[in-house]
Amino acid sequence: MIRFAIALAATLVLALPARAGVEINEVTSPGGITAWLVEEPSIPFVALELRFRGGGSLDAPDKRGATSLMTGLLEEGAGEMDAREFARATERLAASFRYDVSDDAVSISAKFLTETRDEAIALLRESLIAPRFDPDAIDRVRGQMLSSIRSDEKDPRAIAGRVFDATVYGDHPYGTPLDGTVDSVSTLTRDDLIAAHRSALARDRLHVSAVGDITADELGTLLDRLLGDLPEVGADLPGPATPRFDGGVEVVDFDTPQSVVQFAQPGIDFDHPDYFAAYILNHILGGGGFESRLMSEIREKRGLTYGIYSYLVDKDQADLWMGSVASSNDRVAEAIEAVRAEWTRARDAGVTAEELDRAKTYLTGSYPLRFDGNGPIARIMVAMQMSGMPIDYIATRNDRVNAVTLEDVNRVARERIDPERLSFVVVGRPQGLSN
């Protein structure tokens with residue numbers, strides 16, 4: 001009966017109409033935990049999102065991968081249950097728990113039925129408060145991580161990302177792989193994982209959102225029961241990174257017929273008054289798929305690639321304007337020169353009124369499509385908190401886009417686009433390029 005109920009709930013959630021007019025309320029539990037809530041009582045189902053700021057960037061230099069390995073073990077047994085018993089209990093309750101990690105956060109996504117809410121929360125609490133870190137589970141998950149790390153050593157895209165991070169971020173935690181290296185992961189001990197757990201899962205860095213069949217009072221009680229016993233304070237967060245952009249091209253020799261390229265220049269923080277102008281500008285330049293300038297010039301006109309994209313990266317400790325492309329070894333140099341030319345053209349000539357109108361139409365029209373169920377809404381709300389967005393952001397976001405003028409975009413293009421600092425990492429055997 002429970003399996004049928006969760007299947008029905010999932011179907012109904014997916015069938016909900018796209019909606020950007022969600023009503024968000026801020027809730028504070030009796031114990032002082034703050035959350036954002038959207039009540040949706042029509043379906044007996046709740047999506048809960050937890051984010052702990054810090055993530056893999058909390059790892060010590062010689063312990064890189066500790067937070068990632070720790071996070072992978074949260075569902076591998078907790079309290080009195082080993083990994084198999086925990087999995088069976090989760091399945092019996094028709095609940096879903098997902099644990100993930102990035103450079104800036106440890107993330108927990110939970111979905112559960114109203115009728116089994118108390119049991120599901122008790123089970124989730126065990127995984128957060130009392131993970132077992134059993135030796136056999138550590139060995140199993142460590143082995144999976146090492147296999148992935150070794151696989152990445154043969155993947156040109158992964159190599160490009162690793163070299164790019166090391167080049168741009170230097171000795172900041174962002175500069176080393178989130179999952180660590182074969183050497184660092186191989187030497188992690190159970191004590192290292194216990195320390196990583198205490199450092200990362202603390203209440204002073206917590207953000208919470210919930211969507212579904214739950215009231216504010218019920219959510220407050222639930223949060224205190226779920227999270228009240230976590231440490232009050234975690235490890236210190238790392239300081240700001242100082243990204244390095246020298247405008248050069250770094251080539252990493254790798255035997256592949258197609259070179260993989262990552263490129264970047266300084267970005268812009270979400271809090272900056274010019275953020276939305278830069279966001280629209282990026283959409284026109286390289287973020288708008290087949291409508292973007294980079295795709296039109298480098299794929300459609302020149303046939304140099306199947307795809308090229310640019311995007312704004314707003315990390316906690318660094319802001320980048322990035323892009324990526326892949327091209328055959330004999331034509332990748334031409335692709336890079338074309339990227340530089342389009343970057344320079346956008347700075348010097350700006351964009352047209354037609355391009356701006358087309359970008360606004362797309363960005364405002366597609367926005368409501370993101371709100372297609374409890375889970376996506378909960379994830380968006382917690383991401384809003386992590387980025388420092390106001391609680392009315394969903395309601396006002398399209399107004400912010402529409403308020404950007406052509407003069408705003410072209411001024412930001414002149415002030416922000418920096419072809420001289422646009423830096424490239426190329427993995428492959430490109431012809432006509434060298435360090």
Side-chain angles (χ1 to χ4, degrees), residues 10 12-29 33-43 45-53 98 100 102 104-105 107-111 206-216 218-220 223 267-283 287-288 311-316 319 356-357 359-405 408:
L12 291 172
V13 168
L14 289 174
L16 286 174
R19 48 181 177 154
V22 296
E23 182 179 345
I24 305 174
N25 294 309
E26 187 170 271
V27 175
T28 302
S29 75
I33 299 172
T34 300
W36 287 5
L37 168 65
V38 173
E39 294 189 45
E40 179 51 69
S42 62
I43 300 173
F45 169 81
V46 176
L48 178 70
E49 291 286 329
L50 310 176
R51 294 290 185 279
F52 295 90
R53 190 181 298 277
R98 179 178 176 180
D100 202 1
S102 68
D104 290 326
S107 306
I108 295 93
S109 302
K111 298 177 182 177
L206 173 65
H207 299 276
V208 184
S209 69
V211 180
D213 182 27
I214 190 168
T215 67
E218 290 169 338
L219 179 60
L223 293 176
I268 185 170
D269 189 81
F270 175 81
D271 289 336
H272 196 283
D274 287 334
Y275 178 84
F276 277 93
Y279 180 65
I280 294 172
L281 175 60
N282 174 71
H283 180 85
Y311 38 93
L312 298 176
V313 178
D314 182 17
K315 297 172 78 72
D316 281 359
D319 301 305
L356 176 61
D357 289 343
K360 285 184 176 182
T361 298
Y362 176 84
L363 292 171
T364 56
S366 63
Y367 188 60
L369 302 179
R370 302 181 187 184
F371 303 87
D372 61 352
N374 291 4
I377 295 172
R379 288 192 293 274
I380 288 170
M381 290 197 305
V382 82
M384 288 166 55
Q385 296 174 58
M386 290 285 291
S387 296
M389 299 177 183
I391 200 168
D392 67 347
Y393 175 79
I394 292 174
T396 63
R397 182 267 193 184
N398 278 355
D399 292 337
R400 298 178 187 219
V401 172
N402 284 324
V404 175
T405 67
D408 292 332

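All heavy atoms count here, side chains included; hydrogens, waters and symmetry mates do not. What you are looking at is a predicted structure, and each value in this text was computed from that prediction instead of being measured.
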Taking the side chain as every heavy atom from C-beta outward, state whether [X] and [Y] have any pair of such atoms under 4.5 Å apart.
| X | Y | answer |
| --- | --- | --- |
| Arg51 | Arg379 | yes |
| Val46 | Lys111 | no |
| Tyr367 | Tyr362 | no |
| Asp274 | Ile268 | yes |

What heavy-atom pair brings [X] and [Y] nearest, and what distance separates the two atoms?
| X | Y | value |
| --- | --- | --- |
| Asp213 | Pro41 | OD1-CA, 3.6 Å |
| Val208 | Val382 | N-CG2, 4.1 Å |
| Thr215 | Leu37 | C-CD2, 3.8 Å |
| His283 | Ala359 | CD2-CB, 3.6 Å |
| Leu363 | Arg397 | O-NH1, 2.7 Å |
| Glu39 | Ile214 | CG-O, 3.3 Å |

request  = Could you tell me the separation between the OG1 atom of Thr405 and the CG atom of Leu356, rounded to the nearest 0.5 Å?
outcome  =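 Here the interatomic distance stands at 8.0 Å.
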ask   = Is the backbone N or O of Val404 less than 3.5 Å from a side-chain atom of Lys360, with the two atoms forming a donor-acceptor pair by type?
value =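 Yes; at least one donor-acceptor contact below 3.5 Å.
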message = Looking at Tyr393, I'd like to know if its OH atom is crowded, meaning that more than 12 non-hydrogen atoms belonging to other residues, nucleotides or ligands lie closer than 6.0 Å.
response =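 Yes, OH of Tyr393 has more than 12 neighbouring heavy atoms, counting only those of other groups under 6.0 Å.
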inquiry  = Could you check whether atom CZ of Arg400 has more than 12 heavy atoms from other residues, nucleotides or ligands sitting under 6.0 Å from it?
reply    =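 Atom CZ in Arg400 is crowded, with more than 12 foreign heavy atoms closer than 6.0 Å.
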request  = For Glu49 and Ser209, run side chain to side chain donor-acceptor pair (under 3.5 Å): C-alpha distance rounded to whole Å, both residues' side-chain angles, the deciding distance at 0.1 Å, then the answer.
outcome  = CA-CA 5 Å; Glu49 291 286 329; Ser209 69; 5.9 Å; no
Distance-only side-chain donor-acceptor flag, Asp399 / Thr396, under 3.5 Å =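 Short answer, no.
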side-chain contact (heavy atoms from CB on, under 4.5 Å) between Thr364 and Asn402, worked out = CA-CA 8 Å; Thr364 56; Asn402 284 324; 3.8 Å; yes
NZ/NE/NH1/NH2 to OD/OE distance under 4.0 Å, Arg53 and Asp104 =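 Not counted as a salt bridge, because no side-chain N and carboxylate O are separated by less than 4.0 Å.
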